[in-house]
Amino acid sequence: MKTRLWTAAVLAALVFAGTASAEPSTSDQQRIDEELAQAEATLEGATEAAREAALALTETEELLPAARDRANTARGAVAAAESLAAIAGDEADTARATYRGAVADYDTAAGEVDTARAELGDLVRLSYQGAGIMAVNGVITADDPFEAVARMSYVQELADRQNAAVDEVVKLRQEARDAENDAEVARDAAEAAETAATEALETAEAEAAAAETAERELADLLDTRTAALAVAEDEKEASLARYEEVKEESERIAAALRDVGSGHATAGSQSGAAGARLLMPVQGWKSSDFGNRYDPYYHVWQLHAGVDFAAGGGAPIVAADSGQVVQAGWNGGYGNYTCIYHGDNLSTCYAHQSSIGVSVGQWVDRGDRIGAVGTTGASTGDHLHFEVRLNGSPVEPLRWLPGCLC
């Protein structure tokens with residue numbers, strides 16, 4: 001019995017432990033969010049369909065291990081709960097049988113008490129009716145010693161029978177009381193076992209439902225993964241073409257800025273040397289870095305020519321330094337795009353704006369509002385794509401901005 005109860009307890013612990021561990025942790029969710037943000041940044045230049053497919057694929061790949069774990073845990077929990085229910089059911093059957101036996105023992109003991117009481121009652125009645133006095137008189141009036149001894153033996157036998165009957169009643173009454181106690185204990189055990197069996201069965205049913213849900217989630221993720229891979233493959237050629245277009249556009253911008261630089265002897269106080277000398281163009285947080293990115297879906301490298309600052313749509317964008325606006329308008333994947341030439345071949349450019357507040361040829365002072373944050377062009381959310389270009393070529397913007405990015 002102890003072994004069976006211990007097994008039931010272990011199985012119950014496994015059921016509840018498995019259920020608790022199935023939930024994804026906060027750190028896992030944070031990691032998934034970071035992976036998605038990185039994928040969004042990497043795929044900014046791809047086609048919209050390719051971006052959506054790749055993001056679905058990224059999220060699916062991140063969620064699949066946890067989904068598999070949940071499904072496996074749910075299967076184990078179902079098996080444990082079903083075993084627990086079976087053990088509890090067996091315990092309930094055993095307890096009920098024990099209860100029935102205890103009730104039968106009590107009924108037998110109660111009957112024996114009634115019989116013993118009846119016999120004792122007969123002896124008591126004989127005593128009250130004078131049988132004992134008559135026996136004593138018979139001994140006194142005996143004609144000889146042998147007859148007196150015989151009559152005395154009868155008296156002793158009558159007394160012994162009466163004492164034995166009293167003892168028997170006391171003994172049987174105790175046995176009946178014990179049998180009654182056993183029956184109550186067995187009844188309580190049976191009720192507890194039935195309750196445990198019911199709870200175990202309900203747990204098994206709940207775990208089975210959870211397992212079905214986990215299996216469906218896993219199947220849906222696998223379907224999403226398959227569909228995303230198919231779309232990504234279909235969009236490969238178009239996305240690679242978009243990457244090439246972005247690269248060519250960046251080169252055209254570089255050439256145009258070099259031409260501007262060659263036509264300006266000095267338009268400001270810039271020396272071309274890096275340093276924390278530019279003003280932060282927007283109040284936001286850095287969401288993506290400058291540098292080459294590897295697209296794991298199409299296996300190509302592409303240059304992210306600036307640094308991204310996430311900010312609310314419509315947030316003001318200011319000129320990082322004084323200079324002349326040399327580009328202001330729509331520019332393909334850059335969306336609404338503005339470039340300011342600061343002199344000595346140094347320019348800053350601002351992409352994906354929701355609106356542009358300056359025009360080509362206009363002079364702006366450091367800190368002047370030149371536009372607003374948006375998500376135009378090849379963008380996956382409101383942010384400012386900020387570029388620093390030296391002699392037309394993009395360089396690391398963070399080397400020119402305050403270290404606090406404030």
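Being a predicted model, the structure only gives us computed values, none of them experimental.
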Practice item. Identify the two heavy atoms, one from Arg369 and one from Gly314, that lie closest to each other, and give their separation to 0.1 Å. Key: NH2-O, 3.9 Å
Check your understanding: Do any N or O atoms from the side chain of Thr375 and from the backbone of Gly381 form a donor-acceptor pair under 3.5 angstrom?
Key -> yes
Check your understanding: So, do Lys286 and Leu398 sit near enough that their side-chain heavy atoms are less than 4.5 Å apart?
Key -> yes
Exercise for review: Give the intermediate values and the outcome of side chain to side chain contact (heavy atoms under 4.5 Å, CB included) for residues Phe309 and Val373.
Suggested key: CA-CA 10 Å; Phe309 295 109; Val373 171; over 6 Å; no
Exercise for review: Identify the two heavy atoms, one from Pro397 and one from Phe290, that lie closest to each other, and give their separation to 0.1 Å.
Suggested key: CD-CB, 3.7 Å
Exercise for review: Would you name the heavy atoms of Val282 and Ala311 that are closest together and state the gap between them?
Suggested key: CG2-CB, 4.0 Å
Practice item. Say whether, by atom type as modelled, one donor and one acceptor occur between the side chain of Ser355 and the main chain of Gly371 under 3.5 angstrom. Key: no
Practice item. Calculate, to the nearest 0.5 Å, the distance between atoms CD1 and CD1 belonging to Ile370 and Ile340 respectively. Key: 4.0 Å
Practice item. Calculate, to the nearest 0.5 Å, the distance between atoms CG and OH belonging to Leu346 and Tyr341 respectively. Key: 8.0 Å
Practice item. Locate the shortest heavy-atom distance separating Thr348 from Ala320; write the atom from each residue and the value. Key: CG2-CB, 4.3 Å
Review point. Just by modelled atom types, is the Thr376 backbone N or O under 3.5 Å from a matching donor or acceptor in the His352 side chain?
Key: yes
Exercise for review: Would you check if the distance from the ring center of Tyr337 to the ring center of Tyr350 is below 6.0 Å?
Suggested key: no
Study note, to complete from the structure: CG of Asp308 to CH2 of Trp285, rounded to nearest 0.5 Å, is 10.0 Å
Practice item. Quick one: do Ser393 and Arg258 satisfy side chain to side chain contact (heavy atoms under 4.5 Å, CB included)? Show the steps, please. Key: CA-CA 9 Å; Ser393 299; Arg258 280 194 291 272; 3.9 Å; yes
Exercise for review: Compare every heavy atom of Gly306 with every heavy atom of His304, then report the nearest pair and how far apart it is.
Suggested key: ND1-O, 2.9 Å
Exercise for review: With sequence neighbours excluded, give me every salt bridge (charged side-chain N to carboxylate O under 4.0 Å, His left out) pair touching residues 385-394.
Suggested key: Glu387-Arg389
Check your understanding: At what distance, to the nearest 0.5 angstrom, does CG of Leu390 lie from CG of Leu257?
Key -> 10.5 Å
Check your understanding: Got Asn331 and Ile253 here, is their nearest side-chain heavy-atom distance under 4.5 Å?
Key -> yes
Practice item. Give, for atom CG of Leu401 and atom SG of Cys406, the distance between the pair rounded to the nearest 0.5 Å. Key: 10.5 Å
Check your understanding: Quick one: CH2 on Trp363 to OG on Ser322, what's the gap to the nearest 0.5 Å?
Key -> 6.0 Å
**Study point:** Residue pair Arg277 / Asp321, side-chain heavy-atom distance below 4.5 Å
**Key:** no
Check your understanding: Can you find a heavy atom in the side chain of Pro394 that is under 4.5 Å from one in the side chain of Leu303?
Key -> yes
Review point. Considering residues, nucleotides and ligands other than Glu249, do more than 12 of their heavy atoms fall under 6.0 Å from its CD?
Key: yes
**Study point:** Least distance between heavy atoms, Gly392 atom then Ala254 atom
**Key:** O-CB, 3.0 Å
